[in-house]
Amino acid sequence: MQPASTDHLSRITIELGDRGYDILIGKGLLGDARTWAGLPRSARALVVTNDAVGPLHARALMDQLAGLHGRVDCLELPDGEAHKDWQTLNLIFDRLLATVSDRKTVLYALGGGVVGDMTGFAAACYMRGIPFVQVPTTLLAQVDSSVGGKTAINHPLGKNMIGAFYQPIRVICDLDLLRTLPARELSAGLAEVIKYGPIADLDFMDWLEPRVARLRSLDMDALGYAVRRSCEIKAAVVAADEREGGLRAILNFGHTFGHAIEAGMGYGTWLHGEAVGCGMVMATELSRRLDLVNAAFVGRVRAMVSAAGLPTVAPHMPASQWMELMQHDKKAEAGSIRFVLVDDRGHADVRPVADDVVLDVISRCTEPAGDAAPAATR
Ligand code: NAD
Ligand code: GLY
């Protein structure tokens, strides 16, 4: 399998009829005229970013947008998952109304998954729907959150609980934007790259295994291929099941255990990708317990997660807390927890598993009581 050359722009079309759109992937995309071709021209546009990403990248984006829109404003939201809430979302509506934005106004989400999810939700709601473009700046956002139209904010009682399915009109994955990303965030994004192998493409897993270190050192050819293949797989899954009636849930491989770790440790202590990385090791071990994969397969997943700089051992939590937290997972049905399980043919399935098997896997994969250091200190 040959990696894509990043000298060229890769284009993946996500097939959703009149809601379909292109995902563009490559280096230097912000400065490439092809990136902007075919986007709607309008009197106004608003770049939504945050106070960490805006100072680094907003000027370069706004300079390009001047050719498409009469007036381009920029709104910097406070950075962080803690601000993925109604109050911060309202700042977007405040600015749109203050600048007399109309139905043709285009929103541009410049940031990671937090900015992308909030901007998408604002676009879904403002005047009952205006166009938005994703310009993802984290690896996690380039390979996952910017694609597929899940938009949301958090509620104090649950993550991503208030939201809408609302597709962007284009996704622009400029690999150069990743150059300023902190190493810990790059590692967290690798968890979402790793997940696509076991659930959908064992050839991709074979390709990725020896290249994790290259990805961590921002090898652009390797990154270009990893982002492209991840987006191809996600685009196919979303095209088949846009609103998660069934298949799309496989994209949550590792997330049932991962969400429990994130919530149990307190949001922000473990990054989402760190928790998902560890959760994938646990979900693969669960698959082994059900004879779907062998121990060597679990070892391969664990080794990739570890090579990505992510924890592979979960923090200690009482069994009752694990079960209680996992019951809040969106895949749970009538109180029954459902897990994404993988087999050794690159297929995934979502189903309930007996509590005693789940608890056995948890006890094998967690630290002993009294040692629950945050992921960042491992
Ligand atoms: P994030 O958006 O919080 O970004 C991580 C950190 O990196 C932030 O501090 C951000 O300011 C900073 N950052 C972003 N780009 C940077 C750059 N180029 N240079 C320097 N700093 C940069 O986190 P994330 O991991 O991108 O996304 C996590 C969010 O995505 C969660 O809210 C999660 O729920 C959501 N998510 C959504 C989907 C979906 O399908 N919609 C899928 C997965 C995750
Ligand atoms: N990140 C999971 C999904 O988009 O469905």
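Read the numbers this way: they start at 1 and go in the same order the structure lists the ligands and their atoms. Numbering of residues begins at 1 and proceeds along the displayed sequence.
Of the protein's non-hydrogen atoms, D144 OD1, 2.9 Å is the one closest to atom 1 (N) of ligand 2. Nearest protein heavy-atom neighbour of atom 44 (C) of ligand 1: L140 CD2, 3.7 Å. In terms of protein heavy-atom proximity, atom 35 (C) of ligand 1 is closest to D117 OD2, 3.4 Å. What sits closest to atom 30 (O) of ligand 1 on the protein, heavy atoms only, is G113 CA, 3.3 Å. Ranking the protein heavy atoms by distance from atom 12 (C) of ligand 1 puts V53 CG2, 4.4 Å first. Ranking the protein heavy atoms by distance from atom 4 (O) of ligand 1 puts T138 CG2, 3.6 Å first. Here the heavy atom of the protein found nearest to atom 4 (O) of ligand 2 is K234 NZ, 2.6 Å. For atom 31 (C) of ligand 1, the closest non-hydrogen atom of the protein is E81 OE1, 3.2 Å. Closest to atom 19 (N) of ligand 1, if we only count protein heavy atoms, is T180 OG1, 2.7 Å. Considering only non-hydrogen protein atoms, atom 10 (C) of ligand 1 sits nearest to D79 OD1, 3.6 Å.
Between M280 atom CE and F253 atom CZ the span is 6.5 Å, to the nearest 0.5 Å. With rounding to the nearest 0.5 Å, the separation of NE2 in H272 from CG in N160 is 8.5 Å. Within the model, atoms CG of N154 and NZ of K159 stand 5.5 Å from one another, a figure rounded to the nearest 0.5 Å.
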Begin from the C-alpha positions of I194 and M304 and carry the test side chain to side chain contact (heavy atoms under 4.5 Å, CB included) through to its verdict.
-> CA-CA 7 Å; I194 292 168; M304 276 194 296; 3.9 Å; yes
Start with the C-alpha distance between M326 and V358, add both sets of side-chain angles, then the distance that settles side chain to side chain contact (heavy atoms under 4.5 Å, CB included), and finish with yes or no.
-> CA-CA 11 Å; M326 290 194 296; V358 175; 3.8 Å; yes
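At a 4.0 Å heavy-atom cut-off, ligand 1 does not touch L271 at all. By the criterion of a heavy-atom distance under 4.0 Å, both the backbone and the side chain of T137 are placed next to ligand 1. With a 4.0 Å heavy-atom cut-off, ligand 1 is reached by the side chain of L56 but not by its N, CA, C or O. The residue R179 has no part lying near ligand 1, judged by heavy-atom distances below 4.0 Å. Using a 4.0 Å cut-off between heavy atoms, S145 contacts ligand 1 through both its backbone and its side chain. Contacts of L181 with ligand 1, taken as heavy-atom pairs under 4.0 Å, involve both backbone and side chain. The proximity of E185 to ligand 1, defined as any non-hydrogen pair under 4.0 Å, is limited to the side chain. Contacts between N160 and ligand 1, counted as non-hydrogen atom pairs separated by less than 4.0 Å, involve the side chain only.
For R248, no nitrogen or oxygen atom sits less than 3.5 Å from a nitrogen or oxygen atom of ligand 1, counting backbone and side chain alike. At least one N or O atom of K150 sits closer than 3.5 Å to an N or O atom of ligand 2. At least one N or O atom of L177 sits closer than 3.5 Å to an N or O atom of ligand 1. Checking only distances, V147 never comes within under 3.5 Å of ligand 1, N or O to N or O. Inclusion of H272 in the set of residues having an N or O under 3.5 Å from an N or O of ligand 1 is not warranted. At a 3.5 angstrom cut-off on N or O pairs, R248 counts as close to ligand 2.
Two residues are said to be in side-chain contact when any heavy atoms from C-beta on lie closer than 4.5 Å; I169 and L39 meet this criterion. Q167 places none of its side-chain heavy atoms less than 4.5 Å from the side chain of K150. Counting heavy atoms from C-beta outward, S230 and D144 have side chains that stay 4.5 Å or more apart. Considering only heavy atoms from C-beta on, S287 stays 4.5 Å or farther from F339 through its side chain. Counting heavy atoms from C-beta outward, T137 and T180 have side chains that stay 4.5 Å or more apart. At least one side-chain heavy atom of T105 sits less than 4.5 Å from a side-chain heavy atom of L96. At least one side-chain heavy atom of Y166 sits under 4.5 Å from a side-chain heavy atom of F132. For the pair F297/T284, a side-chain contact is recorded, criterion being any heavy-atom separation below 4.5 Å from C-beta on.
Every atom of ligand 1 with a heavy atom of K234 under 4.0 Å away is listed here by number and element: 40 (O). Of all the atoms in ligand 1, the ones that sit under 4.0 Å from a non-hydrogen atom of N50 are 10 (C), 11 (O). Heavy-atom contacts of L251 reach the following atoms of ligand 2: 2 (C), 3 (C), 5 (O) (cutoff under 4.0 Å). Taking a cut-off of under 4.0 Å to the non-hydrogen atoms of K84, the atoms of ligand 1 that pass are 31 (C), 32 (O), 33 (C), 34 (O), 35 (C). Residue A52 has at least one heavy-atom neighbour below 4.0 Å for each of these atoms of ligand 1: 11 (O).
A side-chain donor-acceptor contact under 3.5 Å links K234 to the backbone of V147.
For S101 against T99, the heavy-atom pair with the smallest separation is OG-OG1, 3.0 Å. The two residues V133 and V106 make their nearest non-hydrogen contact at CG2-CG1, 4.1 Å.
Proximity annotation for atom 33 (C) of ligand 1: of E192, K159, H83, K159 comes nearest, heavy atoms only. The option with the heavy atom closest to atom 2 (O) of ligand 1, from among D144, V114, L77, is V114. Of the candidates P182, A188, A152, the one placing a heavy atom closest to atom 21 (N) of ligand 1 is P182.
Using a cut-off of 4.0 Å between Lys/Arg side-chain N and Asp/Glu carboxylate O, R300 and D206 are scored as salt-bridged.
Distances shorter than 4.0 angstrom do not occur between any heavy atom of R184 and any atom of ligand 1.
Sorted by first and then second residue, the ring pair (Phe, Tyr, Trp, His ring centres under 6.0 Å) pairs with a member in residues 57-88 read H69-Y108; sequence neighbours excluded.
None of I23, D22, I14 except one satisfies the side chain to side chain contact (heavy atoms under 4.5 Å, CB included) rule with V171; the exception is I23.
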